[in-house]
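Written out below as structure tokens is the structure these notes cover.
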Amino acid sequence: MRDHYLRDDLDVAWRSGALGSGGDVFAALSTLQGEVYRTSARRRTSRVVVARRAYFVKVHFGVGWREIAKNLLSGKRPVLGARQEFEASRRLRACEVPVPGVAAFVERGVNPARRRSFVACDALDGFTSLEEVGNGWLESPPEVRLKRALVAAVGRLTAAMHAAGVCHRDYYACHLMANAGKLGRGEVELAIIDLHRARVNRHVSTRARVRDLGALLYSTATMPLTDRDRRRFVAAYAGQSSNRELRCPGFWRAVARRAERLCARAAAAGVATGRNVLGGAQIASVGRLADLDRHPPLPFRFDADLGDGGVRVVCTGVLRAQPGRRLVLHALADGRELVLKAYFGRRAQRDWRREQNGAKLLGSCDVATPELLATGRGAGARLLAFEAIKDAQPPSVGDVGELIDVLARMHRHRVRQRDLHPDNFLVSRGRVFAIDGGNVAKSTTLRDSRRLADIAGLLAHYPVEALAPLSELARMYQDAAGAPLPERALRRLGTRVAGARRRRVAKFVAKTGRECSAFAVRQEPGRRVVVARGDDDPELLAIIDDLEHALAEGEPLKRGNTAAAVRFGGFVVKRYNVKDRWHRRRLGLRRRRARRAWRAGHGLRFVGLATPRPRALIEMHRPDVGNAVAYLVVDHVEGVGLDEAVDHPEVASATARMFRAWQDLYFVHGDTKASNFVVTGGDLFALDLDAAVFRRHKWGFDRRHRKDRARFLANWPEEPASIRVALGEES
């Protein structure tokens, strides 16, 4: 079996380097960039231009064992990649059936579940699908002669495809292309596309022909075609008069029944038909929303039923993505601007119902909330359509008073938001809207402790120094809720807020090493790479690709047995080494220094404290003695050393703020020598966080915090007055 084919034009481009450097033709072809027309977790279709020539390329990433098992259990042969399209296209070309020419085919892998493949076909520039042509007839009817010629041509083309031994298995009108220029002159030129599910045999079975013809009849059902037009198609397909062909109508009755079943299935799934499909032409389509990753190409479209029949939805933005569970989309449907929440996966029905119930509760407690306009299904997901709020912005620290007011009104009606954070509110034209009803529930007994916990959890998202006095915020809450809070509890509100802030930081720090909305993790041969999601700085990517080059060419900052650091461009690259075999054993029993620094750096920045931004963590698998166990890349911070700026008044206040924040967060630096601090723009940046950690409990923090303070003061034989006063205020 052939696993590699390059037509002369692409072979010349490959040899000349137009497809990129390197020895792997699959990698070069599959990474070609172009306009994406369709994407899913298993396949991507795009239009690319190579050497001034356009191609449509399909990259298959492997279907997985679950898809293979599902097909086998239902009696179907699974589609494993691009081979079927390659073989079907070559068979049809050999039989002079018009299809795009295959320019390249590459297949890699033995495992059928993970087999990767690629096929490139000539782009049919100037062609349009028969779906768009036929639906355009709803607005402006065509000339009778042109319609008759087109119907007959489709019949002959379908007969030629089946005579060549090819069953399309996805034979809808959108996969038949017509030359738009010739149609304008009254001529007909057709071609067949999208053969990735096609089967090639000696003869096409009756069942397979019924399947293809039923799909074609279903996809043309809403077009303005008469019974005479359909009889003309039958005559062209059979090669004899329709009267003679229909004397034994059993075959064509089976075709009609197949079309009816497809129509009923499409109505249940909310597939758009007729005029509704006109919106979103030339936009990438998506079959299943569950197949999308966090950052799909925009815009894309899918079919949905929002209570009034099938409609084509055009998505213009992804507001939130939880892979395998839900998507929140900004979309257009029938000219309306909507926010769609799509639920899929094991818990889709439960989450869908919770969101509906939560939206009703928010609407019942005198709180502004987006109106739930419709419920439905589409693209393999359960959908909720909400009104889109104009000029919506996330709440800032200046909106805390309004947030407290909204929270109080919810509590007054015994309604709680169990996932309370500012992202569950929006501000538009002075009004605060409560959103995300999935975690909203009725509370039969709303105790004072729960009300105070909600207040503290909301205030913990904002810096202490930016908030109004807590007593004033508590008074605003009591006025809006119409119920007083215990005086003793109010006196401890600051302690509650600090505890909520620590829990929030701990929750975020726990995410820094795994795949989530904030961080991306890549498992590469011999190593694991963690970066902030969306951080595609070319200089950073170049460093990650060749870390040893950066270490060799960079300006040395530190040389040691266990760690070395260099400055390379705008970054500091730190290499952590395995000193000996006992050191390697100890590394397996404790958290590595690079990971400590990565977690601590992101945790400090999360609460607004000054430290260089960590950019990448690279951990090596099974390092040998003398090799690197990990690499850490952080931003380089230009500034003045603490020794030189210690007497400046701004440094004293920055030091006081830093130690006070560390005490509130139970943060231990572990190495507070002066060289690990830099003053920049009035801020005191903490460096070298290899020993840093956020402690969970006060009893495990106090002793280490005292050591941090003592080591900090030991930097100077005679303590500067400014530092002594600052730390005295802190204590």
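Keep in mind the model is a prediction, meaning the values are calculated, not measured.
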Between Leu157 and Val97, does the side-chain contact (heavy atoms from CB on, under 4.5 Å) criterion hold? Intermediate values first, please. CA-CA 7 Å; Leu157 179 64; Val97 178; 3.8 Å; yes
_Ring geometry between His162 and Tyr171 (parallel below 30°, tilted from 30 to 60°, perpendicular above 60°)_ = tilted
Query raised in the report: When the ring planes of Tyr5 and Phe86 are compared, do they come out parallel, tilted or perpendicular, using 30° and 60° as the limits?
Result: tilted
### Residue pair Arg232, Asp229: steps toward the salt bridge (charged side-chain N to carboxylate O under 4.0 Å, His left out) verdict
CA-CA 5 Å; Arg232 185 170 287 106; Asp229 292 327; 3.5 Å; yes
Note to self: Pairing donors with acceptors under 3.5 angstrom, does anything connect the side chains of Asp194 and His175?
What the structure shows: yes
### Query
Within the side chain of Ser117, is there an N or O that forms a donor-acceptor pair under 3.5 Å with the backbone of Ala82?
yes
Problem - Arg431, CZ: over 12 other non-hydrogen atoms inside 6.0 angstrom - result: no
Quick one: do Val154 and Leu176 satisfy side-chain contact (heavy atoms from CB on, under 4.5 Å)? Show the steps, please.
-> CA-CA 8 Å; Val154 172; Leu176 289 170; 4.0 Å; yes
- Message: For Arg7, I'd like to know if atom CZ has over 12 heavy atoms of other residues, nucleotides or ligands within 6.0 Å.
- Response: yes
Subject >> Sub-4.5 Å side-chain heavy-atom contact between Arg231 and Leu246 >> reply: yes
Side-chain (Arg115) to main-chain (Arg108) donor-acceptor, under 3.5 angstrom: no
Exercise. Got a donor-acceptor contact below 3.5 angstrom from the Ser242 side chain to the Ala235 backbone?
Worked result: no
When you compare the side chains of Asn201 and His203, does any donor N or O come within less than 3.5 Å of an acceptor on the partner? no
Should Asp303 and Arg312 be marked as a salt bridge (charged side-chain N to carboxylate O under 4.0 Å, His left out) after you check the CA-CA gap, both sets of side-chain angles, and the distance that decides it?
CA-CA 5 Å; Asp303 292 330; Arg312 180 145 293 176; 3.0 Å; yes
Partner of Phe56 under side chain to side chain contact (heavy atoms under 4.5 Å, CB included), picked from Leu124, Val119, Thr45, is Thr45
Taking every heavy atom of Thr128 against every heavy atom of Ala180, the minimum-distance pair comes out as CG2-CB, 4.2 Å
Next item on the list: Decide, yes or no, whether a salt bridge links Glu107 with Arg116 under the criterion of side-chain N to carboxylate O below 4.0 Å.
Entry: no
Interatomic distance, CE@Met177 vs CG@Leu130, rounded to 0.5 Å, equals 8.5 Å
Pair Arg91, Glu87 - check salt bridge (charged side-chain N to carboxylate O under 4.0 Å, His left out), show working.
CA-CA 6 Å; Arg91 170 69 72 86; Glu87 294 177 348; over 6 Å; no
ask   = Side chains of Glu245 and Tyr237: do they bring a donor and an acceptor to under 3.5 Å?
value = no
*Indicate whether the side chain of Gln84 and that of Arg197 have a donor and an acceptor atom separated by less than 3.5 Å.*
no
Practice problem: For the pair Lys341 and Asp351, evaluate side-chain contact (heavy atoms from CB on, under 4.5 Å) and give the outcome as yes or no after the intermediate values. | Solution: CA-CA 10 Å; Lys341 293 191 175 183; Asp351 294 344; over 6 Å; no
Of all heavy-atom pairs linking Gly437 and Leu362, the shortest is CA-CD1, 4.4 Å
key: Short side-chain to backbone donor-acceptor contact, Glu387 and Glu371, under 3.5 Å   = yes
Closest non-hydrogen atoms of Ile193 and Cys174, given as atom of the first, atom of the second and distance, are CD1-O, 4.1 Å
Practice item. With side-chain contact (heavy atoms from CB on, under 4.5 Å) as the test, would you mind laying out the steps for Cys121 and Tyr55 before giving the verdict? Key: CA-CA 5 Å; Cys121 300; Tyr55 303 89; over 6 Å; no
If you measure from the Lys or Arg side-chain nitrogens to the Asp or Glu carboxylate oxygens, is any gap between Asp391 and Arg429 under 4.0 Å? yes
Q: Kindly say whether His168 contributes a backbone atom to a donor-acceptor pair with the side chain of Asp212 at under 3.5 angstrom?
A: yes
### Message
Is it the case that the side chain of Arg257 and the backbone of Trp252 share a donor-acceptor pair, with hydrogens and angles ignored and the cut-off at 3.5 Å?
### Response
no
In terms of heavy-atom contacts, Gly378 and Leu383 come closest through N-CD1, 3.8 Å
> So with a 6.0 Å cut-off around CG of Asp125, is the heavy-atom count from everything else above 12?
Replying inline: yes
Just wondering, are more than 12 heavy atoms of other shown residues or ligands nearer than 6.0 Å to CZ in Arg353? no
Residues at least two apart in sequence or cross-chain that pass side-chain hydrogen bond (donor to acceptor under 3.5 Å, both in side chains) with His330, listed by chain then number, are Thr316, Glu337
Notebook entry, point to check: Hey, does the side chain of His60 reach the backbone of Gly62 with a donor-acceptor pair shorter than 3.5 angstrom?
Noted result: no
Pro370 and Phe386 have their tightest heavy-atom pair at O-CD2, 3.9 Å
Where the side chain of Trp137 meets the backbone of Met223, is there a donor-acceptor pair that is under 3.5 Å apart? no
Asp122 and Pro100 have their tightest heavy-atom pair at O-CB, 3.4 Å
Taken to the nearest 0.5 Å, the spacing of Asn424 CG from Asp436 CG works out to 4.5 Å
Query raised in the report: Is there a salt bridge (charged side-chain N to carboxylate O under 4.0 Å, His left out) between Glu67 and Lys70 once you walk through the steps?
Result: CA-CA 5 Å; Glu67 182 71 14; Lys70 184 183 76 173; 3.4 Å; yes
**Asked** Can you tell me if Arg325 uses its side chain to pair, donor with acceptor, with the backbone of Gly345 under 3.5 Å?
**Response** no
